[in-house]
Visitor: 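My questions all concern the structure below.
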Amino acid sequence: MRLTARVHLVGGGASGFDLTDRWDAHAYLVDGGGGEAALVDAGCGGGVDMILANVAAAGVAADSVRLLLLTHAHPDHSGGAARLKQRLPHLQVVASPQVARWVATGDEQAMSLEAGKRAEFYPPDFRFPPCPVDIEVDDGDRIDVGGVQLEAAATPGHSDGHVSYLARGRQATVLFGGDLVFYGGQISLLHTWDCRIQAYASSMARLRGAGVDALLPGHHSLSLHDGQRHIDTANRRFDRGFVPPSIV
């Protein structure tokens with residue numbers, strides 16, 4: 001599903017558009033041109049074949065997908081990393097240092113896997129397959145994907161180690177927000193050890209004035225024009241001393 005000149009939606013399950021496996025968060029393809037492309041998030045793992053079929057349908061060769069950028073460690077976003085790495089031998093996985101440790105060791109406690117199973121976010125028999133992480137990104141690091149540059153922004157709150165990615169182009173600014181902020185200014189609060197309200201408010205505040213055109217979250221609806229309004233809505237709630245509504 002083509003969203004912008006450079007971005008396609010290639011994965012997503014029951015909390016989106018049922019493109020791939022029901023447990024998958026949204027997965028995005030960034031076509032940087034010049035034979036270079038990247039994926040943002042990997043789904044839970046069961047939809048990898050469908051994700052790759054959608055990459056091919058977008059006219060992008062599988063061997064041009066050289067990077068997988070993880071927003072955070074929750075398995076609906078990162079569980080497919082190991083299988084994608086098996087299918088794409090040249091793939092390099094990118095994550096924040098915290099997420100890199102948890103994904104590489106398959107630390108199910110750190111990624112709150114059991115809480116996710118109780119909430120029916122993952123299959124009851126799911127086990128997280130560890131996956132090496134090749135590149136660790138810190139706040140402000142820039143990643144080139146052909147003619148597209150993505151800037152990593154540390155945005156904890158929903159979970160520790162959460163990173164969003166901003167692509168600023170001549171025609172549009174795109175935010176790959178993971179589970180940071182959603183259509184209508186909603187956020188994602190969980191009863192997990194690393195979901196932190198104050199960190200959430202700080203992460204949202206840093207996106208003031210970002211001029212986001214396309215807001216591409218990890219679940220539910222997308223916003224392809226004036227995506228900044230959803231960020232501003234969440235910030236107004238925080239500014240007034242309230243907490244924005246949660247999608248769950």
Side-chain angles (χ1 to χ4, degrees), residues 11-13 15 21 23-28 38-48 51 67-88 91-141 143 150-165 176-181 187-200 202-203 217-219 247-248:
S15 63
D21 188 74
W23 308 104
D24 289 347
H26 292 337
Y28 298 97
L39 289 168
V40 180
D41 282 337
C44 210
V48 163
I51 288 172
L67 295 172
L68 168 60
L69 282 61
L70 299 179
T71 58
H72 60 297
H74 289 163
D76 51 334
H77 295 257
S78 65
R83 194 168 296 175
L84 279 168
K85 203 166 175 64
Q86 290 172 352
R87 294 289 304 276
L88 303 172
L91 188 72
Q92 292 188 299
V93 180
V94 180
S96 69
Q98 281 176 299
V99 170
R101 289 196 302 272
W102 301 337
V103 168
T105 60
D107 190 337
E108 296 180 350
Q109 184 174 357
M111 58 185 70
S112 301
L113 178 63
E114 289 305 318
K117 287 182 179 180
R118 290 193 298 272
E120 300 182 352
F121 291 158
Y122 320 125
D125 59 348
F126 179 81
R127 297 301 304 271
F128 188 91
C131 178
V133 173
D134 305 282
I135 301 171
E136 294 185 6
V137 289
D138 292 313
D139 186 53
D141 285 351
I143 302 156
L150 294 158
E151 179 182 345
T155 49
H158 171 74
S159 61
D160 283 358
H162 191 290
V163 172
S164 301
Y165 298 93
F176 299 95
D179 283 353
L180 176 67
V181 60
I187 61 175
S188 181
L189 295 176
L190 303 173
H191 182 42
T192 50
W193 71 273
D194 59 342
C195 188
R196 311 176 195 275
I197 292 291
Q198 293 301 325
Y200 222 132
S202 296
S203 293
H219 303 278
I247 63 167
V248 292

Visitor: Kindly write out the residues that satisfy side-chain hydrogen bond (donor to acceptor under 3.5 Å, both in side chains) with D24, not counting sequence neighbours, or none if the list is empty.
Guide: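 D24 satisfies side-chain hydrogen bond (donor to acceptor under 3.5 Å, both in side chains) with T20 once adjacent residues are dropped.
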Visitor: Show which side-chain atoms of residues 109-126 pair as donor or acceptor with protein atoms under 3.5 Å away, not counting sequence neighbours.
Guide:
| unit_1 | atom_1 | unit_2 | atom_2 | d |
| --- | --- | --- | --- | --- |
| K117 | NZ | P124 | O | 3.4 |
| K117 | NZ | F126 | O | 2.8 |

Visitor: Could you check whether the rings of H72 and H77 sit parallel, tilted or perpendicular, using 30° and 60° as the cut-offs?
Guide: tilted
Visitor: Does the side chain of F128 reach to within under 4.5 Å of the side chain of V103, using non-hydrogen atoms?
Guide: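 Yes, at least one pair of side-chain atoms sits under 4.5 Å.
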Visitor: Compare every heavy atom of I51 with every heavy atom of G11, then report the nearest pair and how far apart it is.
Guide: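 Scanning both residues completely, I find the closest heavy atoms to be CA-CG1, 4.1 Å.
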Visitor: What's the shortest heavy-atom distance between S188 and V248, and which atoms?
Guide: OG-CG2, 4.2 Å
Visitor: Check the orientation of W193 and W102. Use parallel for under 30°, tilted for 30 to 60°, and perpendicular for over 60°.
Guide: perpendicular
Visitor: Looking only at heavy atoms, what is the nearest atom pair of P129 and G79, with distance?
Guide: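 So the two residues come closest at CG-O, 3.7 Å.
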Visitor: Can you see which heavy atom on Q92 is nearest to which on K85, and at what distance?
Guide: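 Minimum heavy-atom separation between Q92 and K85: CA-NZ, 4.3 Å.
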Visitor: D41 side chain to T71 main-chain N or O, any donor-acceptor pair under 3.5 Å?
Guide: yes
Visitor: Please check this pair: side chain of Y28 against backbone of G218, looking for a donor-acceptor N/O pair closer than 3.5 Å.
Guide: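 Checked: no pair found.
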Visitor: Main chain of C44, side chain of D76: is a donor-acceptor contact present, judged purely on distance under 3.5 Å?
Guide: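 Answer holds: no.
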Visitor: If you compare all heavy atoms of L180 against all heavy atoms of Y200, which two are closest, and at what distance to 0.1 Å?
Guide: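 Closest approach of L180 to Y200: O-OH, 2.7 Å.
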Visitor: Testing the basics here: between E136 and D141, what is the closest heavy-atom pair and its distance to 0.1 Å?
Guide: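 In terms of heavy atoms, the two residues are closest at O-OD2, 4.2 Å.
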